[in-house]
2 protein chains.
Amino acid sequence: MKKVTINSVATYAGVSKKTVSRVLNNEPNVSPATREKVLKVFKELDYTPNPIARGLARNRSFIIGCLYDNPSKSYITRVQSGALEACHKHHYNLLIHPCELRGEELIANIEHLLTTSRLDGMVLTPPFSDSQELIDFLKKKKIHFARVASAIDDAESISVRSNDEQGAYEITEHLIKLGHSNIAFIKGHPDHSATEQRFSGYQRALAEHNIAFNPKLVAEGNFSYHSGADSAKAILDLEPRPSAVFASNDYMAAAVLKLATQRQLKVPQDISIAGFDNAPIARHIWPGLTTIAQPVEEMTRQAVEQLILQIGDEQTPVYQATLEAKLITRESTAQHK
Amino acid sequence: MKKVTINSVATYAGVSKKTVSRVLNNEPNVSPATREKVLKVFKELDYTPNPIARGLARNRSFIIGCLYDNPSKSYITRVQSGALEACHKHHYNLLIHPCELRGEELIANIEHLLTTSRLDGMVLTPPFSDSQELIDFLKKKKIHFARVASAIDDAESISVRSNDEQGAYEITEHLIKLGHSNIAFIKGHPDHSATEQRFSGYQRALAEHNIAFNPKLVAEGNFSYHSGADSAKAILDLEPRPSAVFASNDYMAAAVLKLATQRQLKVPQDISIAGFDNAPIARHIWPGLTTIAQPVEEMTRQAVEQLILQIGDEQTPVYQATLEAKLITRESTAQHK
DNA sequence: CCACTATCTGACACCGGTGTCATAATGTGG
DNA sequence: CCACATTATGACACCGGTGTCAGATAGTGG
């Protein structure tokens with residue numbers, strides 16, 4: 001059984017391969033009779049066009065690469081889901097490529113990726129969206145890319161972010177308005193720009209409500225549940241014990257909640273806990289976590305959609321947007337006794 | 001600035017493009033001097049070979065596709081992580097393609113996927129690994145594939161599974177040995193073969209310990225947290241209330257735990273809860289969930305690795321394996337009072 | 001019925017690599 | 001120094017499509 005190519009179809013149908021190609025791509029200027037005939041041969045021979053050959057001729061792969069290095073699985077899942085939505089809408093596919101930000105091999109790694117499979121563009125998610133080195137490399141290689149949740153200001157490249165600083169401000173203010181003033185904070189991974197932004201939102205809220213910032217209340221996390229557990233221990237051992245904890249993401253907040261519960265503390269009666277991201281876990285546990293909902297899917301969807309537009313037409317204006325983050329109150333925060 | 005192709009390199013280096021190709025692929029029979037010269041030009045011109053052209057000539061894309069339709073995000077994450085490990089080891093990349101099992105468009109959808117991007121092979125995860133229709137289609141199209149956690153017996157195709165029935169048996173027996181006899185069960189999604197297997201493991205354990213099977217204790221779930229919440233309500237309202245609940249996965253078990261806690265029930269003192277999968281959430285909540293650890297990453301890793309071997313050499317014997325599932329006891333199950 | 005335009009169709013080069021095979025250059029033993 | 005094996009190199013076809021452009025065919029108005 002021989003492979004069915006455009007040539008076999010052409011011969012079998014008694015037309016030129018160009019005509020077959022026309023039918024394949026729904027191009028005009030093919031008589032209905034011819035089109036019919038060719039379509040019938042497609043079925044008869046069970047022909048599937050070879051995307052690689054097509055890609056070579058058109059210089060397109062219709063594949064977008066998604067780069068990430070993120071301890072939060074749910075964040076990645078959401079990123080993928082947004083990216084896939086945009087991809088499928090435009091008949092693109094998504095190739096995922098987790099890799100480590102650190103290490104000089106990053107560029108080599110990406111170079112190898114590009115040597116292995118030609119990508120029409122790349123979506124950079126944190127912390128890659130903040131890697132100037134990578135951005136410069138992609139520009140040099142003339143690879144289209146879009147940045148998600150990046151803090152870098154670069155008018156030349158697509159960027160969709162949400163306002164982390166403002167979100168952190170709002171959730172901190174929410175705690176303050178509930179009467180809390182002794183509010184612990186757990187930082188995220190130092191490589192992520194969101195870490196600094198959420199931290200400064202926290203600080204701004206304190207400052208604007210005349211609460212002195214106390215560095216002893218700050219624990220170093222890295223967005224992982226595990227790091228949250230470590231930070232939780234440090235925070236719950238503080239004297240006096242803070243009446244509220246704001247963790248930079250929901251996983252770390254969940255770790256605080258777990259330890260607090262293990263220690264027989266009632267949440268939120270004895271201690272309020274707030275997170276960030278509105279990850280699934282925030283509503284899968286009891287009490288549900290008060291948190292900031294970031295439109296991760298939507299950010300990625302927009303970023304990828306714009307990326308695809310840019311690939312299709314280099315003249316497309318560079319899209320830059322900041323989406324809103326929203327406070328979601330659940331049972332884990334309450335009035336300070 | 002012109003594109004750098006193998007031709008420009010060849011001209012610039014004063015050799016034929018075939019020689020350049022030889023250097024590119026580390027082929028023998030190139031004099032050290034020539035090799036050196038060409039490598040220097042690579043650097044000078046910052047040449048990156050075009051993977052599409054290479055793919056066309058070699059009839060390879062070095063991309064594996066991963067098919068899934070699964071409500072459990074953590075399951076998918078684990079699948080991806082195992083698949084990526086195997087891919088990267090062999091210099092392959094991973095393209096992800098979630099789609100719906102139901103609907104006659106499935107085959108059309110996959111056909112479109114194959115038309116859009118040529119894949120060297122596909123990993124089928126549940127419920128696709130159990131779709132005879134899809135398997136037949138892929139065979140007809142001569143696409144290599146590997147099945148993960150499939151219940152279908154097909155000696156011709158690669159398959160890696162774990163023993164769900166035995167796992168369910170063991171965790172049910174664990175509950176029985178703790179003195180429980182009124183054990184509720186939440187089923188998974190009907191499209192997944194694991195659902196039936198876990199259910200029959202539950203039933204076998206009851207039978208072997210002379211406990212009458214009571215259909216009223218069985219709730220229909222679909223592996224999602226939400227369905228678990230619905231089932232939880234039905235189960236906790238039963239009279240008499242079961243002393244233990246075994247949910248077919250951890251998300252649904254977490255939903256039971258949440259509702260029980262909301263209703264002021266103490267877990268495990270008032271009711272024991274067991275899950276399946278050892279998803280991250282099982283250890284992120286308090287009390288931690290007793291569950292069955294399935295080696296999802298390892299299953300997928302092996303499946304993809306074998307798939308790649310098969311792609312490289314059609315003569316490779318078809319690999320079939322069943323990995324062991326392991327009982328993990330945490331705080332959510334205890335002796336019946 | 002003819003001139004002229006609009007609609008089809010195919011020949012051919014091309015995308016950027018790899019495989020085959022012939023030939024050139026080099027090395028080895030007698 | 002020659003016969004012969006070995007290594008190095010390039011010419012050329014080929015992978016399976018698409019773009020360009022010229023020529024053929026059909027359609028239209030005078």
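Any value given below was found using the heavy atoms of this structure, including those in side chains, with hydrogens, waters and symmetry copies removed. Every chain is numbered from 1 and lettered A, B, ... according to where its sequence line falls, protein lines coming before strand lines. Please read these numbers as outputs of a predicted model, since none were measured by experiment.
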Polar pair under 3.5 Å, donor/acceptor by atom type, side chain B:Arg22, base D:dG10: yes

OP1 or OP2 of C:dG16 under 4.0 Å from side-chain N/O of B:Lys3: yes

Contact under 4.0 Å: B:Thr34 side-chain N or O vs D:dT9 OP1/OP2: yes

Minimum side-chain heavy-atom gap B:Ser117-B:Leu113 below 4.5 Å: yes

A:Asn25 vs D:dT18: side-chain N/O to OP1/OP2 distance below 4.0 Å: yes

Whole angstrom value for the distance that separates C1' of D:dG19 from CG of A:Asn59: 13 Å

C:dG17 OP1/OP2 closer than 4.0 Å to side-chain N/O of B:Tyr47: yes

Spacing of B:Arg60 atom CZ relative to C:dG16 atom P, expressed in whole Å: 23 Å

Value in whole Å for how far the P atom of C:dG16 lies from CZ of B:Arg58: 17 Å

Heavy-atom closest pair, residues A:Val318 and A:Ile158: CG1-N, 3.7 Å

Atom pair distance, as rounded to whole Å: CD in B:Glu27 and C1' in D:dG10: 14 Å

Atom-to-atom span, CD1 of B:Ile52 to P of D:dT18 - whole angstrom: 13 Å

Candidate nucleotides C:dT9, D:dG16, C:dA11, ranked by approach to the side chain of A:Lys18 - the nearest: C:dA11

Per B:Thr19 side chain, nearest of listed nucleotides D:dG17, D:dG10, C:dA11: D:dG10

Length of the line joining B:Arg118:CZ and D:dC15:C1', which is rounded to integer Å: 11 Å

Electrostatic pair A:Asp153-A:Arg161, nearest N-O below 4.0 angstrom: yes

Side chain of B:Thr5 (C-beta onward), nearest among D:dG10, C:dG16, D:dG17: C:dG16

Distance in angstrom units between A:Ile6 CD1 and D:dG19 P, rounded: 11 Å

Polar side-chain contact B:Lys17-C:dG17 base: donor and acceptor under 3.5 Å: yes

Crowding at OH, B:Tyr12 (>12 non-hydrogen neighbours, <6.0 Å): no

Nearest-Å distance for atom pair CG/P, residues A:Leu56 and C:dA13: 17 Å

Touch class at under 4.0 angstrom, heavy-atom based, for A:Val15 against every strand present: sugar-phosphate

Residue met sooner reading DNA chain D from 5', once B:Ala57 and A:Ala57 are mapped to nucleotides: B:Ala57

N/O (side chain, B:Ser21) to phosphate O (OP1/OP2, C:dT18) under 4.0 Å: yes

OP1 or OP2 of D:dT9 under 4.0 Å from side-chain N/O of B:Ser31: yes

A:Asn29 side chain near C:dC8 phosphate (N/O to OP1/OP2, under 4.0 Å): yes

Side chain of B:Pro49 - closest among C:dT7, D:dT18, C:dG17: C:dG17

Over 12 foreign heavy atoms within 6.0 Å of CD, B:Glu100: no

A:Thr300 side chain reached by A:Arg78 side chain, heavy atoms, under 4.5 Å: no

